Student: 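Mind looking over this structure? Questions follow.
All of these numbers come straight from a predicted model, not from anything done at the bench. By convention in this document, chain letters (A, B, ...) are assigned in the order of the sequence lines, proteins followed by strands, and residues within each chain are numbered from 1.
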There are 2 protein chains.
Amino acid sequence: MAIGRPRAFDADKALDEAMEVFWRHGYEGATIAELTAAMGINAPSLYAAFGSKEGLLKAALDRYSGKRAAFMQHVLDAPTAREVARRLLFGTADLQTDPANPPGCLLVQGGLACATGHENVPSELASRRADNEELLRERFKKAKADGDLPATADPTGLARYLSAQTAGMGVLAASGADRRALRQVATLAMKAFDSASGA
Amino acid sequence: MAIGRPRAFDADKALDEAMEVFWRHGYEGATIAELTAAMGINAPSLYAAFGSKEGLLKAALDRYSGKRAAFMQHVLDAPTAREVARRLLFGTADLQTDPANPPGCLLVQGGLACATGHENVPSELASRRADNEELLRERFKKAKADGDLPATADPTGLARYLSAQTAGMGVLAASGADRRALRQVATLAMKAFDSASGA
DNA sequence: TCCAATTTGTAATGTTCGCTACAAATGTGG
DNA sequence: CCACATTTGTAGCGAACATTACAAATTGGA
């Protein structure tokens with residue numbers, strides 16, 4: 001059984017470049033021409049490997065999640081709920097201003113609103129943001145069960161609040177806010193967490 | 001001197017419709033065909049009145065600012081810095097989930113990232129978000145001078161924090177968060193404000 | 001009543017969009 | 001070395017995009 005001509009590009013490397021283009025220009029602002037140029041391949045290769053522009057986005061989102069998985073695990077592994085919040089907020093401030101990446105968060109920059117007919121792009125991004133929020137919520141439920149958080153604590157509300165912080169920081173970063181500014185927001189956001197968790 | 005054929009549409013009414021389209025689909029997701037259909041005019045009328053798609057966006061942004069001016073004035077007129085924050089946060093929670101408008105905030109949904117060549121759309125939106133932040137900053141500087149905020153308070157940091165809250169709520173609203181959820185975020189955000197302003 | 005000025009509707013402009021046919025190239029298995 | 005399977009590069013597809021030419025329509029002023 002013949003195997004065929006081997007692929008001449010590294011799919012993960014190409015996805016990194018595609019991710020960066022979507023991150024910087026959003027789904028609709030990223031053109032196939034720009035994507036193929038950044039990925040170092042041409043259109044037929046892109047479509048053979050990823051099916052469509054939307055398929056490429058989903059693959060890039062998967063890769064994004066994968067790259068952030070270690071960070072999220074580090075956050076969730078924190079010994080206390082407070083430390084979870086602290087790691088998330090300050091880690092996010094640093095990640096969203098990492099000069100190695102476009103500013104902000106792909107799940108926000110990628111596209112909050114899209115053209116008629118592309119509704120599932122914003123909803124896909126929203127769904128992935130919700131996944132992160134859910135991880136935090138479960139972590140806080142556990143903290144509550146463990147007595148780390150008081151019985152009056154609201155895991156859903158805390159998780160949603162932190163979700164709003166990371167999204168808000170993403171918007172600030174997109175506007176050019178620097179690391180110091182985002183850390184300052186994180187510092188203030190921690191105060192709310194402390195009040196709400198009875199610290 | 002001849003005056004010419006009178007315009008057959010109401011420019012403000014048309015701008016309201018354009019604003020809604022930009023709000024719901026973002027700058028790049030809004031097509032001229034969709035805009036003209038919503039505005040009830042045809043393309044030449046649009047271009048005669050607003051010059052270009054970008055000119056229409058700016059006009060829609062002006063109208064948006066105008067509509068929110070009364071709200072911002074109500075916020076800034078609050079007797080204390082705390083009340084400024086409270087009015088802003090809860091008012092924003094309600095505005096961004098007002099069923100009369102698309103969810104979220106036009107200054108966020110409009111487009112955080114755009115295609116190459118349209119860079120001034122995101123920067124225009126960022127500039128208008130910065131204007132709002134500046135209004136808050138000046139208000140907090142005044143509060144500090146008046147002794148309403150302690151001498152240790154940081155007006156810039158507080159304004160930026162609130163800016164992050166409204167942006168974050170906008171993202172949550174775009175994901176389908178309801179009014180109750182946003183008010184819960186506002187409640188938590190107030191706790192940070194209270195801690196940071198020594199209440 | 002004709003002229004000047006402006007808007008309106010139709011129809012089209014050139015460009016760019018996402019996507020794909022097709023043939024040449026490159027590999028594996030027999 | 002041959003047959004097959006897959007990828008690559010070129011070139012182009014139809015559709016949609018923002019924008020505009022142009023002529024008919026509508027007004028006020030001379």
Student: Base, sugar-phosphate alone, or nothing: which one does Phe9(A) contact when heavy atoms must sit under 4.0 Å apart?
Tutor: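 Sugar-phosphate: the residue Phe9(A), judged by heavy atoms under 4.0 Å, touches backbone atoms but no base.
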Student: Do Asp94(B) and Arg183(B) have side-chain heavy atoms sitting under 4.5 Å apart?
Tutor: yes
Student: Could you check if a side-chain atom of Arg129(B) sits within less than 4.5 angstrom of a side-chain atom of Val108(B), using non-hydrogen atoms only?
Tutor: yes
Student: Among Arg7(A), Arg63(A), Lys67(A), exactly one meets salt bridge (Lys or Arg N to Asp or Glu O under 4.0 Å) together with Asp12(A). Which residue is that?
Tutor: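 Of all the options given, the one that passes is Arg63(A).
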Student: Is it the case that the ring center of Phe140(B) lies less than 6.0 angstrom away from the ring center of Tyr161(B)?
Tutor: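 Ring centres of Phe140(B) and Tyr161(B) not closer than 6.0 Å.
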Student: May I have the distance from Ile3(A) (atom CD1) to dG30(C) (atom P), rounded to whole angstrom?
Tutor: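 Taking CD1 of Ile3(A) and P of dG30(C), I get 10 Å after rounding.
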Student: Can you check each nucleotide of nucleotides 17-24 of chain C against protein heavy atoms at under 4.0 Å and return B for base, S for sugar-phosphate only, - for none, in 5' to 3' order?
Tutor: SSBBB---
Student: Return no unless some side-chain N or O of Asn42(A) is found under 4.0 Å from OP1 or OP2 of dT8(D).
Tutor: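 Negative; the distance criterion is not met.
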Student: Can you see if the side chain of Ser45(A) gets near the phosphate of dT8(D) - specifically, an N or O under 4.0 Å from OP1 or OP2?
Tutor: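 Affirmative; the distance criterion is met.
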Student: Between C1' on dT8(C) and CG on Asp10(B), what's the gap in Å once rounded to a whole number?
Tutor: 17 Å
Student: Could you tell me the separation between the CG atom of Leu46(B) and the P atom of dT19(D), rounded to a whole number of Å?
Tutor: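 Nearest whole value for this atom pair: 9 Å.
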Student: Under 4.0 Å, counting only non-hydrogen atoms across every strand here, what does Ala8(A) touch: a base, just sugar-phosphate, or nothing?
Tutor: sugar-phosphate
Student: With a 4.0 Å cut-off, would you call Glu124(A) and Arg128(A) a salt bridge?
Tutor: yes
Student: Could you state the atom-to-atom distance from CD1 of Ile41(A) to P of dT7(D) in whole Å?
Tutor: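 Distance check: Ile41(A) CD1 to dT7(D) P gives 12 Å.
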Student: Are any of the side-chain nitrogens in Arg24(A) or Glu20(A) under 4.0 Å away from the carboxylate oxygens of its partner?
Tutor: yes
